[in-house]
2 protein chains.
Amino acid sequence: MAESVAGRVFSVLDAFVDAPVTLRLTEIARRTGLPVPTALRMVRELVAWGGLERGADGSYRLGTRIRTLGAAAPCPRGLLDTALPALRALTARTGGHADVVIPAGGTALCLVTGARLPPHATAAGKVLLAHGLLTVPAAAARHTPRTRTAPGPLAAQLARVRASGLAEAHEEYHLGELSFAAPVFRAGTLVAAVSLTAPTTAHSPRLAPAVRRTAATVSRALDGQG
Amino acid sequence: MAESVAGRVFSVLDAFVDAPVTLRLTEIARRTGLPVPTALRMVRELVAWGGLERGADGSYRLGTRIRTLGAAAPCPRGLLDTALPALRALTARTGGHADVVIPAGGTALCLVTGARLPPHATAAGKVLLAHGLLTVPAAAARHTPRTRTAPGPLAAQLARVRASGLAEAHEEYHLGELSFAAPVFRAGTLVAAVSLTAPTTAHSPRLAPAVRRTAATVSRALDGQG
DNA sequence: GCCCGCGTTTTCGCTCAGTGAAAGCCGGAC
DNA sequence: GTCCGGCTTTCACTGAGCGAAAACGCGGGC
């Protein structure tokens, strides 16, 4: 991938995913494996364009141009718009927090709240993992005593998720919180997950089918709009 | 700008701003001024990276990688996270739609909805204009009979916005809709605007102070977190 | 003051990645 | 069948990009 000018530019941008918000030139060179002068040239072009910004201290951060483009990217915007009514209905019916979640930068990104979730410890993350849209992080963090980090049981659970079309997580991310998630398809391929988070005191047998139905509704709406 | 490989890549991406969601190769070449084979090569590299996606019909759209990066862009993400509670409270109290708006790509970008607003016809846009974060577009479009397009009155209004710390727009963008906006500062410099949009039937005297208070709350929250 | 070390920036000659006109290909209209 | 428009491939030329090395700038130790 790094064997063309374009590839080098991309790798510089990629260096900012899963990284501190600001990076110094040397750090960018290290992360991309590029020689420092080369990294400098890439970075300069990016700054001139607006894809990167240079801080007062000389460090670099992602710039407004990237943000503009990200906001113009159609799929998730359309996805959120399409999903919102169904999500609101789900919230109203269950009282939990409903969200639609996509893979982004190695983590699960909630489109409504903008939060990033650890894939292995949340229901939505497990849906995305189960279908290969995310991969289990090398060091899967243990967020609570109930977080599953061992590869074996996790893989078995993912197989069940694939088979059943439903994922759940009981206090694996935050204590006192459970979540359900179901896959959303566009034109037959998985693009996101609908997730519902609620206190563990909620009556869970009623939640799972509701999440599944909502995900199906969103999928149908996506296909309906071409 | 188009005189380097990187510049060409960027111009391809820029072609998708203010454009239909999908573009065909020929259209990209036309918009960028690139020869078709060159455009094809750029586009292919972008697709390989994930910055563009190719639709079933052969057309191109912005891809997930761009979205990932946009979500990783630090300032607005943090901004949105910090502002959300206050925005929700504002919505709850007034019934209107509350948003936080930043300058991006020459227009006002709503972080919650992702919508782009014309600077001169919306309250949030006027706040950003008044403080020089945006400039009045060369051809200021007239969206409704009440849109102000004449430079003189507009400049006077911007001066008032600066002085009062509050902007408003009455049916200047959409009929039946009014909006208020107030500036958000981080470390003393203006970074965004809080805006509230409501039907003209809303009781406006109560809205303006609420917007002002919300903006102040967000500013304080931003400064509190370093 | 001086020197050292680290990060950043500039220089410069080589070379191969990128270029784009032209030709080929495919599919749809007539 | 022929034409036409858009997409893709070919190919020989060339200058944009490369990166080792050198220069610069700055803080910190002494």
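Lettering follows sequence order; numbering is per chain, from 1.
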If we ignore hydrogens and angles and just use 3.5 Å, is the side chain of A/Thr147 paired with the main-chain N or O of A/Glu172 as donor and acceptor? yes
From CD1 of B/Ile28 across to P of D/dG6 the rounded distance in Å is 14 Å
Restricting to ring-ring contact (aromatic ring centres under 6.0 Å, His included), what partner residues turn up for A/His131, sequence neighbours left out? none
With sequence neighbours excluded, residues passing side chain to side chain donor-acceptor pair (under 3.5 Å) with B/Glu171: B/Arg146
By side chain to side chain contact (heavy atoms under 4.5 Å, CB included), B/Ser195 pairs with (sequence neighbours left out) B/Asp99, B/Val101, B/Ala124, B/Ala181, B/Thr197
Taken in chain and number order and not counting sequence neighbours, the residues that satisfy side chain to side chain donor-acceptor pair (under 3.5 Å) with B/Arg44 are none
For A/Arg24 and D/dG25, what is the distance between atoms CZ and C1' respectively, to the nearest whole Å? 13 Å
Any protein N or O atoms within reach of nucleotides 9-12 of chain D? Criterion: under 3.5 Å, listing atom names and distances.
from, atom 1, to, atom 2, distance (Å)
D/dT9, OP2, B/Arg44, NH1, 2.9
D/dT9, OP2, B/Arg44, NH2, 2.5

Please list, pair by pair, any protein nitrogen or oxygen found under 3.5 Å from a nitrogen or oxygen in nucleotides 14-18 of chain C.
from, atom 1, to, atom 2, distance (Å)
C/dG18, OP1, A/Val5, N, 3.0

Would the distance check show the side chain of B/Arg162 and the main-chain N or O of B/Ala130 forming a donor-acceptor pair, the cut-off being under 3.5 Å? yes
So, does B/Arg65 use its side chain to make a donor-acceptor pair with the main chain of B/Trp49 at under 3.5 Å? yes
Quick check: does any side chain N or O of B/Thr38 sit under 3.5 Å from a backbone N or O of B/Leu34, one acting as donor and the other as acceptor? no
Gap between atoms CG and C1', on B/Leu34 and D/dG6 respectively (whole Å): 17 Å
